[in-house]
Amino acid sequence: MKRRILLVIGMVLMIGVMAVAQGKIIIGHRGAAGYLPEETLAGYAFGYALGADYLEPDLVLTKDARFICLHDIYLEPTTDVEQVFPDRHRSDGHWYAADFTLAEIKTLSVHERCKPDGTPYFPDRFPEGKSKFEVATFVEMIELVQGLNKSTGRDVGIYPELKRPSWHASQGLPMEKKLLDVLAKYGYDKPGAKIFIQCFEPASLQKLRQLGTKIPLIQLISANWSYAGMWTKRGLDQISAYASGIGPSKKIVENNPQFVNWAHERGLVVHPYVFRRDELPAKYASLEDEMKQFYFTYDVDGLFTDFVDVAARVLGR
Ligand code: G3P
Ligand code: CA
């Protein structure tokens, strides 16, 4: 009898979690960065298989104006460019993707993110120098996701981020129209297409709107003080004039959980970043606990994570 009561309570709790979890999304941050080198096709495929609803590529442009999946405007944190093209850095010591053609970039190998001294950022992740990964183009990433959608019957979306668009424009490489052209070619301009576009620069998102896109735009909000104006109700009022949602640093939400309600009151969805087992804030005992707090107590609509499988478990999938 006691066991049956416990079983019923367990089932009721599980149904409760599933009801609240409905509609909440998981964004595979840079693919499945907790398990495979970031922004690679292998990482995107793994993030897909682990249950992501959306996969995130960060986008920069090559010298010949092709979008590649890369977090930094520099190549050296995640590739062997220093060994392959030792003399091709600028005077500031960085190897800029915008100084290399796609054909040149395709000769590079991608590795786990390293610090300037060559040591890995996350020592317990995929081992340095093992297996073989190359820099993916955005088109390859899209074709991978759409191919998997066809072969699995799922409808996983994409969540591209334009990286440093004002800097790219200063190099003669404007990003916004080019992005919309690529997306239209692959059907992401159609109503209901599973896509968000994200950026830290409001002017770039406003330009995308002016170009006529109806794709939902997400204003990224850093915890850096230069973004403090966006942490306010007034800041959110301004964002709601051009964006459908916000992607705040999770620190902003942690410092002021009301921030999520303020955004919801303005019709903005909230997708904080970034949730990592190997970068867990001291107040949480586990990544599961942190995600539960954000999904169910702070009531965010989704989150960016390097560990898609953990989020899937938390959402009861
Ligand atoms: O795009 C959300 C999050 O990825 C922003 O931070 O530095 O990982 O691109 P970052
Ligand atoms: Ca990003």
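Predicted model only: the values in this text are computed from it and were never measured. Atom set for the values below is all heavy atoms of this structure, side chains included, hydrogens, waters and symmetry mates excluded. Whatever order the structure lists ligands and atoms in, that order sets their numbers, starting from 1.
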Practice prompt. Report the nearest protein non-hydrogen atom to atom 9 (O) of ligand 1: residue, atom name, distance rounded to 0.1 Å.
Written response: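 Here the closest protein heavy atom is Lys163 NZ, 2.7 Å.
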
Discussion item. Could you identify the single nearest non-hydrogen protein atom to atom 4 (O) of ligand 1 and state the distance to 0.1 Å?
Written reply: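 Here the closest protein heavy atom is His29 NE2, 2.8 Å.
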
Go through ligand 1 atom by atom and flag the ones less than 4.0 Å from a non-hydrogen atom of [X].
X	answer
Arg30	7 (O), 8 (O), 10 (P)
Asp58	9 (O)
Gln198	1 (O), 2 (C)

Worksheet item: Taking Phe67 as the fixed residue, which of Leu179, Thr137, Ile142 is the one that meets the side-chain contact (heavy atoms from CB on, under 4.5 Å) rule?
Response: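 So the option named by the test is Leu179.
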
Worksheet item: What residue pairs, at least two apart or across chains, pass salt bridge (Lys or Arg N to Asp or Glu O under 4.0 Å) with a residue in residues 286-298?
Response: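 Applying salt bridge (Lys or Arg N to Asp or Glu O under 4.0 Å) to every pair that reaches into residues 286-298, excluding sequence neighbours, yields Lys250-Glu290, Glu288-Arg313.
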
Item to complete: Return the option from Glu161, His71, Glu56 holding the heavy atom at the smallest distance from atom 7 (O) of ligand 1.
Response: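 Considering heavy atoms of Glu161, His71, Glu56, the nearest to atom 7 (O) of ligand 1 sits in His71.
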
Out of curiosity, [X] [atom1] to [Y] [atom2], how far, rounded to the nearest 0.5 Å?
X	Y	atom1	atom2	value
Leu287	Glu279	CG	CD	11.0 Å
Lys185	Leu180	NZ	CG	15.0 Å
Leu102	Ile68	CG	CD1	7.5 Å

Discussion item. Counting only nitrogen or oxygen atoms and a 3.5 angstrom limit, does Tyr273 reach ligand 1?
Written reply: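 For ligand 1, there is no N or O atom that lies under 3.5 Å from one belonging to Tyr273.
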
Discussion item. When you measure from the heavy atoms of Leu220 to every atom of ligand 1, does any distance fall below 4.0 Å?
Written reply: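 Contact check Leu220 vs ligand 1: positive.
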
Discussion item. Enumerate the ring pair (Phe, Tyr, Trp, His ring centres under 6.0 Å) contacts for residues 112-150, please, sequence neighbours excluded, ordered by first and then second residue.
Written reply: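 Every ring pair (Phe, Tyr, Trp, His ring centres under 6.0 Å) pair that includes a residue of residues 112-150, provided the two are not neighbours, is Phe126-Phe133.
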
Worksheet entry | Residues which pass ring pair (Phe, Tyr, Trp, His ring centres under 6.0 Å) with Phe294, listed by chain and number, not counting sequence neighbours |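 Applying ring pair (Phe, Tyr, Trp, His ring centres under 6.0 Å) to Phe294 gives Phe275, Tyr298.
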
Worksheet item: Does NZ or CZ of Arg209 come closer than 6.0 Å to the centre of the six-membered ring of Tyr242, within 45° of the ring's axis?
Response: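 Pair Arg209/Tyr242 does not count as cation-pi.
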
Worksheet entry | Within-3.0 Å protein N/O/S contacts of the Ca ion (ligand 2) |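 Correct list: Glu56 OE2, Asp58 OD1, Glu161 OE1.
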
Worksheet item: Below 4.0 angstrom, N of the basic side chain to O of the carboxylate: do Arg113 and Asp72 qualify?
Response: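 Salt bridge flag = yes for Asp72 with Arg113.
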
Worksheet item: Hey, mind stepping through Thr62 and Thr101 against side-chain contact (heavy atoms from CB on, under 4.5 Å) and telling me if it holds?
Response: CA-CA 6 Å; Thr62 63; Thr101 63; over 6 Å; no

